[in-house]
Amino acid sequence: MEFLFVISFIIVAILLFYFILCLRKDDEPSSKKPKQQVVLEYDSEGYNRQGYNESGRNRQGKYNRFYNVKCYKTGLYSEEGFLDIRKNPIYLTNHARYRIQERMGIDEFDKMKALAFEAYQFGKSKQQLMKSERGIIEEKEQEYGDSVILIYRGYCYVFTENNGLKTVYKNNRVRV
């Protein structure tokens with residue numbers, strides 16, 4: 001009788017061990033490689049799925065810096081001084097968070113980050129403004145050195161050379 005209990009215990013342990021091994025094999029990816037689908041990034045007219053071409057312009061001519069992949073083909077930095085955002089995403093410094101809260105009244109971090117990304121995408125740089133409007137950016141460039149300054153929705157956004165938002169200023173001089 002005692003042996004029957006020990007034998008049944010060993011059989012149950014072996015079955016449990018086998019069951020665990022089978023589960024682990026199902027979790028592991030199979031050795032077969034899935035077939036890669038060929039998706040053309042740009043259509044015959046030169047626009048991607050979001051409607052932007054390599055230079056970041058849509059069919060109406062509106063510029064979006066996020067889709068300007070052409071500017072990163074020649075070097076590490078774009079002409080404006082940004083690193084490729086796909087490899088170096090935008091981040092907010094603590095000072096920038098404090099300034100957005102103080103000057104814009106936004107308290108939620110997700111909204112702050114979304115606003116910074118929107119300013120990165122659609123903000124006007126020194127190169128996109130007329131010469132008469134470049135004064136405010138030139139002043140901030142002298143103050144902040146190697147920073148990238150963009151104007152968007154009544155504010156100046158000062159970005160670091162590695163895509164961090166340093167600070168935000170109210171802009172009353174240039175309407176964008």
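Geometrically, Arg57 does not engage Tyr67 in a cation-pi contact, judged by NZ or CZ lying under 6.0 Å from the ring centre and within 45° of the ring axis. The cationic group of Arg103 lies under 6.0 Å from the six-membered ring centre of Tyr169 and within 45° of the ring axis, placing it in a cation-pi geometry.
A donor-acceptor pair is defined here as one N or O able to donate and one able to accept, closer than 3.5 Å; no such pair exists between the side chain of Gln142 and the backbone of Glu139. Looking only at distances, a side-chain donor or acceptor of Lys113 sits under 3.5 Å from a matching main-chain atom of Ile90. Judged by distance alone, with hydrogens and angles left aside, the side-chain atoms of Arg49 form no donor-acceptor pair with the main-chain N or O of Glu41 at under 3.5 Å. Asn53 places a side-chain N or O within 3.5 Å of a backbone atom of Gly56 that can act as its donor or acceptor partner.
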Would you please test Val148 and Glu141 for side-chain contact (heavy atoms from CB on, under 4.5 Å) and show each step?
-> CA-CA 8 Å; Val148 180; Glu141 280 178 341; over 6 Å; no
How far apart are the C-alpha atoms of Glu133 and Lys124, what are their side-chain angles, what is the distance that settles it, and do they pass the salt bridge (charged side-chain N to carboxylate O under 4.0 Å, His left out) test?
-> CA-CA 11 Å; Glu133 298 174 329; Lys124 300 289 182 184; over 6 Å; no
Residue pair Tyr63, Phe122: steps toward the ring pair (Phe, Tyr, Trp, His ring centres under 6.0 Å) verdict | CA-CA 7 Å; Tyr63 180 67; Phe122 302 112; 8.9 Å; no
Stepwise side-chain contact (heavy atoms from CB on, under 4.5 Å) test for Asn64 and Lys62 | CA-CA 7 Å; Asn64 186 333; Lys62 186 174 181 183; over 6 Å; no
Apply side-chain contact (heavy atoms from CB on, under 4.5 Å) to Val158 and Val168, showing your working.
-> CA-CA 6 Å; Val158 181; Val168 176; over 6 Å; no
Is there a side-chain contact (heavy atoms from CB on, under 4.5 Å) between Leu165 and Ile100 once you walk through the steps?
-> CA-CA 10 Å; Leu165 181 63; Ile100 290 174; 3.8 Å; yes
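Ile151 places none of its side-chain heavy atoms less than 4.5 Å from the side chain of Tyr157. Within the 4.5 Å cutoff, no side-chain heavy atoms of Thr160 are placed close to those of Tyr144. Using a 4.5 Å cut-off on side-chain heavy atoms (C-beta onward), Leu115 and Ile106 make contact. With a 4.5 Å cut-off on side-chain heavy atoms, Gln101 and Met112 count as touching.
Within the model, atoms SG of Cys71 and CD of Glu79 stand 6.0 Å from one another, a figure rounded to the nearest 0.5 Å. Taken to the nearest 0.5 Å, the CD1 atom of Ile85 stands 5.5 Å off from the CG atom of Asn163. Between the SG atom in Cys156 and the CD1 atom in Ile149 there is a gap of 7.5 Å [rounded to 0.5 Å]. In this structure, the separation between CZ on Arg65 and CG on Leu150 is 4.5 Å, given to the nearest 0.5 Å. Here the CD1-OG distance, from Ile137 to Ser125, works out to 6.5 Å after rounding to the nearest 0.5 Å. Put simply, OH on Tyr47 and OH on Tyr52 are 11.5 Å apart, with the number rounded to the nearest 0.5 Å.
The local environment of OH in Tyr91 is crowded, with over 12 non-hydrogen atoms from other residues, nucleotides or ligands closer than 6.0 Å. The environment of Gln50 atom CD is dense: over 12 non-hydrogen atoms of other residues, nucleotides or ligands sit within 6.0 angstrom.
Closest heavy-atom contact between Gly123 and Gln128: O-OE1, 3.4 Å. Leu92 and Ala116 make their closest contact through CD2-CB, 3.6 Å (heavy atoms, listed as atom of the first residue, atom of the second, distance). When all heavy atoms of Gln127 and Arg134 are compared, the closest pair comes out as O-NH2, 3.9 Å.
We find that Arg59 and Glu45 are joined by a salt bridge, their nearest charged nitrogen and carboxylate oxygen being less than 4.0 Å apart.
No chain of hydrophobic side-chain contacts below 4.5 Å, direct or via other Ile, Leu, Val, Met, Phe, Trp or Tyr residues, connects Phe109 to Tyr98.
Between Tyr120 and Phe82, the ring center distance clears the sub-6.0 Å criterion.
Residue Leu76 is found in a hydrophobic cluster whose other members, listed by chain and number, are Tyr77, Leu83; membership requires side-chain heavy atoms under 4.5 Å apart, directly or through intermediates.
For residues 156-170, no residue pair satisfies the salt bridge (charged side-chain N to carboxylate O under 4.0 Å, His left out) rule, not counting sequence neighbours.
Every residue two or more places apart in sequence or in another chain that forms a side chain to side chain donor-acceptor pair (under 3.5 Å) with Glu54 is listed here: Lys73.
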